[in-house]
Amino acid sequence: MKIQNFIDSLNIGFFTGVPDSQLKSLCDYLMDTYGIDPKHHVIAANEGNCVAIAAGYHLATGKVPAVYMQNSGEGNIVNPVASLMNDAVYAMPCVFIIGWRGEPNVHDEPQHIYQGQITLRLLDDLNIDYMVIDKSTTVEDVERRLDEWQAVLNSGRQVAFVVKKGGLEYDKKVVYKNDNKLNREAAVARIVNASQDDPIVSTTGKISRELFEIRERNKQSHKFDFLTVGSMGHCSSIALGVALNKPNSKVWCIDGDGAALMHMGAMAVIGSVKPNNLVHVVINNGAHETVGGMPTVAQDIDLCKIASACGYGYVVNVDNERDLDSALTDIKGKSELCFIEIKCALGSRADLGRPTTTAIENKNSFVDFLKSKK
């Protein structure tokens with residue numbers, strides 16, 4: 001189905017969400033049509049934020065908002081849907097548009113498999129009526145279902161469109177870019193060189209994929225790295241847990257800007273605990289690149305000031321290889337909580353692969369490695 005026809009059928013004037021590759025046609029259409037426009041389109045930090053923004057929109061206008069997200073975000077919406085929007089509480093209508101990763105019997109990455117199995121079940125548990133959209137779905141099908149849902153929405157309940165791969169199409173290509181010059185994979189490679197045999201915890205998406213391939217290229221063991229293939233926004237907390245329990249080892253966290261924003265409260269906790277062996281690196285290209293390149297607000301804020309305010313000791317911003325190498329050299333000799341923001345360009349190699357080891361193999365290798373550290 002053409003995305004324009006789908007949007008016209010919804011007759012909704014406000015969208016908020018977290019970008020998803022399965023919904024790239026929708027995300028591209030919204031960016032092409034509205035960009036980031038507070039009256040029509042807001043990209044939020046996480047899916048729970050989206051629900052709250054949508055609730056505020058409904059309170060102010062009396063209209064029905066739309067929230068888009070990957071199905072991995074269902075966990076983030078459980079609380080505000082159940083305790084805010086539910087018809088037993090404030091009864092706020094909303095249309096969810098959910099990309100179905102890990103659809104049963106369709107090959108996908110390991111972090112999506114179980115989430116895909118429980119996607120519809122979670123909607124049932126939340127009392128959200130849903131319709132699945134696939135390549136055969138027509139505009140008439142959508143309009144018919146929306147007619148059926150009018151009474152549901154009027155009663156203050158929520159509904160959802162669950163979109164399979166290829167269910168929505170957008171013919172126009174939208175290009176995302178920034179003005180940064182530093183290549184992300186080159187930056188990760190420099191961190192690997194500096195970290196030597198220190199443990200690394202990397203965030204979900206292309207950063208972990210690049211880290212895996214750098215180890216392959218260097219003919220190094222993967223035991224040093226925990227690749228957080230899911231749980232977006234939580235790798236810094238994982239790294240904190242490792243650092244607190246391996247105080248004699250410097251622990252490196254390679255985070256992304258979208259992930260750091262998603263659960264930014266983690267930085268406040270890290271800064272309050274102040275582990276002197278943790279290095280928190282945020283590679284900031286101002287984009288949700290792994291799922292298509294849609295922008296984050298990280299390009300408009302000062303992450304270093306946030307880190308300083310949270311209690312990080314050594315804080316530095318770099319945007320070129322020379323300054324990055326200098327910062328990494330400084331950090332190797334420091335015994336304090338460190339933060340590096342690396343401004344990077346968008347883009348990755350066309351032939352960038354994925355880890356060839358399983359998540360369990362990665363965990364077991366990393367655990368065995370940590371056992372050798374005091």
Side-chain angles (χ1 to χ4, degrees), residues 110-111 187-215 218 220-283 303 306-307 310-316 327-328 330-342 355 357-374:
Q111 67 268 30
V188 175
R190 279 171 154 72
I191 296 168
V192 168
N193 290 339
S195 65
Q196 298 178 344
D197 62 350
D198 297 333
I200 294 177
V201 179
S202 58
T203 191
T204 188
K206 290 186 177 179
I207 288 175
S208 282
R209 292 166 60 184
E210 288 168 343
L211 175 58
F212 187 90
E213 295 217 339
I214 288 165
R215 295 293 190 191
N218 292 349
Q220 294 174 310
S221 172
H222 297 288
K223 68 180 182 180
F224 305 107
D225 311 322
F226 182 79
L227 310 176
T228 313
V229 295
S231 298
M232 182 174 171
H234 292 301
C235 81
S236 62
S237 296
I238 296 169
L240 173 63
V242 174
L244 292 176
N245 290 280
K246 293 295 178 181
N248 296 320
S249 297
K250 193 174 286 292
V251 178
W252 299 72
C253 170
I254 309 180
D255 214 346
D257 57 297
L261 289 169
M262 183 164 277
H263 295 293
M264 191 179 280
M267 290 179 65
V269 175
I270 292 169
S272 68
V273 178
K274 288 183 174 57
N276 63 7
N277 60 327
L278 179 61
V279 182
H280 189 180
V281 181
V282 175
I283 296 183
L303 290 175
I306 292 170
C310 286
Y312 287 69
Y314 177 86
V315 175
V316 63
L328 292 171
D330 288 345
I331 282 172
K332 286 296 289 184
K334 290 187 178 296
S335 295
E336 62 180 324
L337 176 59
C338 297
F339 181 88
I340 312 177
E341 179 186 15
I342 306 175
T357 55
T358 67
I360 292 294
E361 288 171 340
N362 174 223
K363 184 202 79 171
N364 290 341
S365 177
F366 188 69
V367 167
D368 289 342
F369 167 63
L370 290 182
K371 286 178 181 178
S372 69
K373 313 288 281 187
K374 292 184 180 179

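Hydrogens, waters and symmetry mates play no part in the numbers below; they use all other heavy atoms, side chains included.
- Here the side chain of N362 pairs a donor or acceptor atom with the backbone of D225 at under 3.5 angstrom.
- In this structure F339 satisfies the ring pair (Phe, Tyr, Trp, His ring centres under 6.0 Å) test together with H280, Y312, sequence neighbours excluded.
- Between P199 and K373, the closest heavy-atom pair is CD-CE, 4.4 Å.
- Remark: I191 CD1 to I283 CD1 distance equals 5.0 Å, nearest 0.5 Å.
- Across all their heavy atoms, A307 and V315 have their closest contact at CB-CG2, 4.2 Å.
- Between L337 and G311, the shortest heavy-atom distance links the atoms CD2-O, 4.3 Å.
- Atom-to-atom distance recorded for Q220:CD and L211:CG is 9.5 Å, nearest 0.5 angstrom.
- Side-chain contact between I340 and V316 is present, with heavy atoms from C-beta onward closer than 4.5 Å.
- For K206, the side chain to side chain donor-acceptor pair (under 3.5 Å) criterion is met by S348, not counting sequence neighbours.
- The CG atom of L370 sits 11.0 Å away from the NZ atom of K223 when rounded to the nearest 0.5 Å.
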N/O donor to acceptor pairs below 3.5 angstrom from side-chain atoms of residues 256-265, sequence neighbours left out:
{"unit_1": "D257", "atom_1": "OD1", "unit_2": "N285", "atom_2": "N", "d": "3.4"}
{"unit_1": "D257", "atom_1": "OD2", "unit_2": "G286", "atom_2": "N", "d": "3.3"}
{"unit_1": "D257", "atom_1": "OD2", "unit_2": "A287", "atom_2": "N", "d": "3.2"}
{"unit_1": "D257", "atom_1": "OD2", "unit_2": "T296", "atom_2": "OG1", "d": "2.7"}

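- The salt bridge (charged side-chain N to carboxylate O under 4.0 Å, His left out) search around K332 returns D198, not counting sequence neighbours.
- The OG atom of S195 lies 7.0 Å from the CD1 atom of I254; values are rounded to the nearest 0.5 Å.
- Taking all atoms of both residues into account, the shortest heavy-atom contact from V242 to F366 is CG2-CE2, 4.4 Å.
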Output side-chain donor-acceptor pairs under 3.5 Å for residues 267-279, partner residues at least two apart or in another chain, one line each.
{"unit_1": "S272", "atom_1": "OG", "unit_2": "A268", "atom_2": "O", "d": "3.4"}
{"unit_1": "S272", "atom_1": "OG", "unit_2": "V269", "atom_2": "O", "d": "2.7"}
{"unit_1": "K274", "atom_1": "NZ", "unit_2": "G271", "atom_2": "O", "d": "2.9"}
{"unit_1": "N277", "atom_1": "ND2", "unit_2": "A243", "atom_2": "O", "d": "3.0"}
{"unit_1": "N277", "atom_1": "ND2", "unit_2": "K246", "atom_2": "O", "d": "3.0"}
{"unit_1": "N277", "atom_1": "ND2", "unit_2": "S249", "atom_2": "O", "d": "2.8"}

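- With rounding to the nearest 0.5 Å, the separation of CG in L227 from CZ in F212 is 7.5 Å.
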Pair C310-I306, side chain to side chain contact (heavy atoms under 4.5 Å, CB included): steps then yes or no: CA-CA 6 Å; C310 286; I306 292 170; 4.2 Å; yes

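- Looking at W252 and I331, their side chains come closer than 4.5 Å, going by heavy atoms from C-beta outward.
- If you take CD1 on I200 and SG on C235, they are separated by 11.5 Å, rounding to the nearest 0.5 Å.
- Among residues two or more places apart in sequence or in another chain, the side chain to side chain donor-acceptor pair (under 3.5 Å) test is passed with S202 by S208.
- Summarising the geometry of F224 relative to R215, their closest heavy-atom pair is CB-NH2, 3.5 Å, with the distance given to 0.1 Å.
- Contact between R209 and P355 at its shortest, heavy atoms only, is CG-CD, 4.1 Å.
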